[in-house]
Amino acid sequence: MANKTVIRQVNEHVGETVVIGSWLNNKRSSGKIQFLQLRDGTGYIQAVVVKSEVSEDTWNNAKSLTQESSMYVTGIIREEPRSQSGYEMTVTELEILHLTDNYPITPKEHGVDFLMDHRHLWLRSSKQRAIMVIRAEIIRAVQQFFDQNGFTLVDPPILTPTSAEGTTNLFHTKYFEEDAYLTQSGQLYMEAAAMALGKVYSFGPTFRAEKSKTRRHLIEFWMIEPEMAFTDHEESLRVQEQFISYVVQSVLKNCRTELEAIGRDVSKLEQIQAPFPRITYDEAIEFLNSQDFDIPWGEDFGAPHETAIAERYDKPVFITHYPASIKAFYMKPDPNRPEVVLCADMIAPEGYGEIIGGSQRIDDPELMEERFKEHNLSAETYQWYMDLRKYGSVPHSGFGLGLERTVAWICGLDHVRETIPFPRTLYRLYP
């Protein structure tokens with residue numbers, strides 16, 4: 001009996017007869033030969049059916065196949081230099097599992113709304129599959145980087161009694177008789193974890209009820225949030241650039257086929273090596289105003305501003321020392337200039353905007369109390385957070401990386417909606 005295998009591993013079975021469970025991606029025929037383009041989720045291979053070499057049933061089965069029909073194909077694996085995979089299958093037997101009828105996504109052009117309505121099927125396309133493989137590699141590399149560098153994975157709660165950053169863009173729900181919210185960040189909880197474990201990171205879903213329709217925004221997305229005790233702002237920046245370099249190089253090493261399949265210019269990614277350039281908020285304001293942007297000191301940057309800054313570099317760039325007035329309450333002021341904070345946003349090249357936001361956190365209990373009053377935060381609700389400064393406070397820093405924006409940048413995608421299996425946007429909750 002033939003061994004069962006997957007397309008990704010056919011290189012281990014050259015000259016052998018194997019069975020592959022697959023779907024029909026495409027088909028063409030040339031008289032007495034049929035060429036079946038098969039996919040099984042791990043890759044693609046061409047299976048050749050020669051009429052004179054198979055039974056009548058196998059020939060007819062092959063002839064009846066329609067797009068996305070499922071089957072078991074038995075055949076001999078051969079090397080084929082002209083094939084993209086380098087291998088081909090000569091079919092000896094074909095068992096149909098299910099014949100499809102009028103598969104909705106055809107090789108013709110479809111509108112975005114149509115494809116999003118059929119996202120459960122669109123995922124099967126070669127480009128979407130490649131994006132999901134790259135996403136999975138990014139996730140693997142993220143975890144490997146932190147695991148190899150002494151971080152402990154900690155899972156913060158998804159249901160919380162408060163906002164992490166004092167904003168109103170929260171999804172409200174009832175927790176029995178209490179008010180609760182879907183988390184917008186696990187950061188505050190990661191600070192508590194860092195006081196117990198030293199260096200920690202979380203990796204989980206977050207939710208922002210922002211009515212935004214830009215190509216960079218999702219309602220539900222995944223965040224990686226490391227937090228480090230006994231770590232200052234400068235040390236955190238070094239971790240961030242080493243982290244991003246590691247992830248990009250891992251994708252280049254392990255997903256080059258997928259990057260090529262989606263048409264990504266890998267030469268741009270090959271330049272992503274630490275260290276990264278840095279400019280201060282002051283320098284950014286000066287540059288933007290020299291480029292005919294009318295932006296006063298104290299105003300936050302939007303997408304056009306970030307893009308203009310990023311275009312000067314072929315690597316991600318840090319913008320540091322933003323005004324305290326436009327940043328979160330927990331960010332530590334610069335001791336030499338208290339009106340700015342020890343923070344940085346990492347802006348990806350090629351117009352992909354901010355992928356990391358981070359800062360050194362306030363560790364002085366008295367200053368944190370002042371910030372609570374300034375931001376009208378409930379001392380009772382945040383008492384546990386204040387306890388972190390009350391019992392053994394230390395300098396600590398952390399940052400958050402948005403997974404989907406990172407996937408969009410590494411893949412070179414026009415819109416973040418293709419970076420997650422089932423995107424949740426302002427007007428989309430289906431499928």
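Owing to the predicted nature of the structure, the values given are computational and were not obtained by experimental measurement. Heavy-atom basis, side chains included; hydrogens, waters and symmetry copies ignored.
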Y322 and D345: side-chain donor and acceptor closer than 3.5 Å?
yes

So, H172 versus D179: side-chain donor-acceptor pair below 3.5 Å or not?
yes

Quick check: does any side chain N or O of S125 sit under 3.5 Å from a backbone N or O of L123, one acting as donor and the other as acceptor?
no

Indicate whether any N or O donor in one side chain lies under 3.5 Å from an N or O acceptor in the other, for T381 and T162.
no

In sequence, state the C-alpha distance, the side-chain angles, and the governing distance for E227 and Y201, and then conclude on side-chain hydrogen bond (donor to acceptor under 3.5 Å, both in side chains).
CA-CA 6 Å; E227 201 72 30; Y201 74 103; over 6 Å; no

Would D282 and W297 count as having a side-chain donor-acceptor pair, cut-off 3.5 Å?
yes

Indicate whether any N or O donor in one side chain lies under 3.5 Å from an N or O acceptor in the other, for N254 and E137.
yes

With R208 as the cation and F171 as the aromatic partner, state whether NZ or CZ is under 6.0 Å from the six-membered ring centre and within 45° of the axis.
no

Residues Q37 and Q46: side-chain donor-acceptor under 3.5 angstrom
yes

T5 versus N3, side-chain donor and acceptor atoms under 3.5 Å:
no

At what distance, to the nearest 0.5 angstrom, does CD of E178 lie from OG1 of T173?
12.0 Å

Strictly distance-based, threshold 3.5 Å: is any side-chain N or O of H396 a donor or acceptor partner for the main-chain N or O of V394?
yes

Would you say R140 and Q144 are linked by a side-chain donor-acceptor pair, where the criterion is simply a distance under 3.5 Å?
yes

Sidechain N-carboxylate O distance under 4.0 Å for R39, E68
yes

Any chance the side chains of S359 and R361 put a donor and an acceptor closer than 3.5 Å?
yes

Side-chain donor-acceptor pair under 3.5 Å between H233 and S236, yes or no?
no

Is a donor on one side and an acceptor on the other found under 3.5 Å between the side chain of R129 and the backbone of G41?
yes

Ignoring hydrogens and geometry beyond distance, is a side-chain donor-acceptor pair present between E191 and Y385 at under 3.5 Å?
yes

